[in-house]
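Start at 1 and go down the list; that is how both ligands and their atoms are numbered. Only this structure's heavy atoms are used, side chains among them; waters, hydrogens and symmetry mates stay out.
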Amino acid sequence: MPTITDTPSVIAGQHRSTALEQAIARDPGAFRILTGDRPTGPLHVGHYFGTLANRVRLQQAGVELLVLVADYQVITDRATGPALPADVLGLVADYLAAGINPDRATIFAHSQVAALNQLLLPFLSLVSVAEISRNPTVKEEMTASGSAAMSGLMFAYPVHQAADILACRANLVPVGKDQLPHLELSRVIARRFNERYSPDVPFFAEPEALLSAAPMLLGLDGRKMGKSLGNSVPLRASADETARLVARATTDSQRRISYDPAGRPEVSSLLLMTALCRDESPHAVAAEIGDRGAAALKAMLTTALNERFAAIRSRRAEFAADDGYLREVLAAGNERARVLADSTLNSVRRLMHTSY
Ligand code: TRP
């Protein structure tokens, strides 16, 4: 739903996404989705309602789904360490538990698909330093850490993301509003590649953003929810851990609970989380609690989370106990992604006259 702060490009993206949803319903086989996450910690309920549930929905609708474990995006701002394999396999377990089906979807990792990464070089030649500098995420990063401290890979990461998408010849990328500029850069790269190297028959399709309708959940402390901020409920949390996490959540002192995202952001986010778990509206949840206050809200949220995620959690525990299976799933996905990316790179070489 559009909000007052939406820019014209976000509103245009929302309109386009509505049309895309209709096209998907008519002919799901015409779409191939690439999406992914950095393996920097366990996924949480914000990821579930924000993207995971949507991926599973699109997979069930018959769209081909590729899911990237973006390990080379981790090293944009930190070194990898011995804990990385556990984070990578943990992410795979989260995906499978949430309902991503490895027989239908391809789960793969950056570092295992050489041809994908090689595409970064020709793609970097298609965009200017000034264009990359205008990307909002890169700009923010530059302000936050200063260009002296920012790694070259961080600077190049929107172009690397274009390589992710185009290596797989994906034409649809489910994103949040903040990722629209990345998608626009991927489209520019596809267009310029075609203009320079394949003017008669365009080789790359320009990938499209599919904006999710999912509302933004705040962290339990009222700040942005983050994997490493300790303010989320991880998918894998036990019922007791969930109760402890929710008990610490920030609320306010008004007894009467109301859904008012602008005026009472913390309480409203807890209501929204409860409502999402129960497939209800946050207003209905607020009305049910009435003037029983924050304690009743927290009790209701704890129950709602524990009921909604019980099955996912028990599946996740089974997957997590079977490292061998998780590795097999990833190895099979890596192999499928390699076949795709190799074929793309071969065509790119041919079109660029670099096949000898
Ligand atoms: N940037 C995404 C994140 O931080 C992960 C990602 C990498 C991605 N490459 C992508 C998402 C390509 C969509 C498409 O979680």
Side-chain angles (χ1 to χ4, degrees), residues 13 17 31-44 46-52 54-55 58-59 63-78 84 87-88 90-92 94-95 98 100 105-113 115-117 119-120 123 132 135-138 140-141 144 151 153-190 204-212 214 216 224-229 232 235 333-334 337 340-341 344:
S17 296
F31 294 92
R32 179 184 286 159
I33 286 181
L34 178 80
T35 173
D37 305 276
R38 298 171 202 226
T40 50
L43 296 182
H44 52 61
H47 293 116
Y48 182 80
F49 291 117
T51 72
L52 284 177
N54 197 37
R55 293 177 196 175
L58 291 159
Q59 169 192 269
V63 179
E64 185 183 353
L65 185 63
L66 292 116
V67 188
L68 169 63
V69 176
D71 56 352
Y72 276 175
Q73 233 176 58
V74 175
I75 54 171
T76 53
D77 64 358
R78 71 196 82 176
L84 185 63
D87 280 341
V88 167
L91 202 52
V92 177
D94 283 333
Y95 292 153
I100 292 176
T106 301
I107 303 173
F108 71 104
H110 268 149
S111 60
Q112 308 303 307
V113 184
L116 180 161
N117 295 294
L119 283 174
L120 179 61
F123 287 179
I132 300 177
N135 177 276
T137 314
V138 170
E140 262 168 44
E141 209 44 58
S151 74
L153 187 61
M154 176 68 87
F155 184 72
Y157 108 87
V159 184
H160 193 216
Q161 205 156 304
D164 299 340
I165 298 165
L166 298 176
C168 301
R169 317 289 303 275
N171 55 7
L172 200 60
V173 186
V175 291
K177 295 173 193 180
D178 57 316
Q179 299 260 320
L180 278 177
H182 298 359
L183 244 284
E184 195 43 49
L185 195 67
S186 298
R187 292 168 63 84
V188 165
I189 288 170
F204 286 117
E206 289 182 35
E208 298 215 65
L210 184 68
L211 279 172
S212 79
M216 263 288 280
K224 184 175 165 12
M225 193 185 284
K227 269 183 212 154
S228 42
L229 298 176
S232 62
L235 282 184
N334 289 335
L340 263 176
T344 305

N or O contacts of ligand 1 with protein under 3.5 Å, please list pair by pair.
residue	atom	partner	partner atom	Å
ligand 1	1 (N)	Q73	OE1	3.0
ligand 1	1 (N)	Q161	OE1	3.2
ligand 1	4 (O)	R38	NE	3.0
ligand 1	9 (N)	D164	OD2	2.7

* Do H160 and F123 have their ring centres less than 6.0 Å from each other? -> no
* Intermediate values then yes/no, side-chain hydrogen bond (donor to acceptor under 3.5 Å, both in side chains), N117 and H110 -> CA-CA 7 Å; N117 295 294; H110 268 149; 5.3 Å; no
* **V173 side chain reached by Q161 side chain, heavy atoms, under 4.5 Å** => no
* Looking only at non-hydrogen atoms, find the nearest pair between A105 and Q59 and report the distance. => CB-OE1, 3.9 Å
* Asked: Would a 4.5 Å heavy-atom cut-off, applied to side chains only, mark D164 and L34 as touching?
  -> yes
* Quick one: are F155 and E141 in side-chain contact, heavy atoms under 4.5 Å? -> no
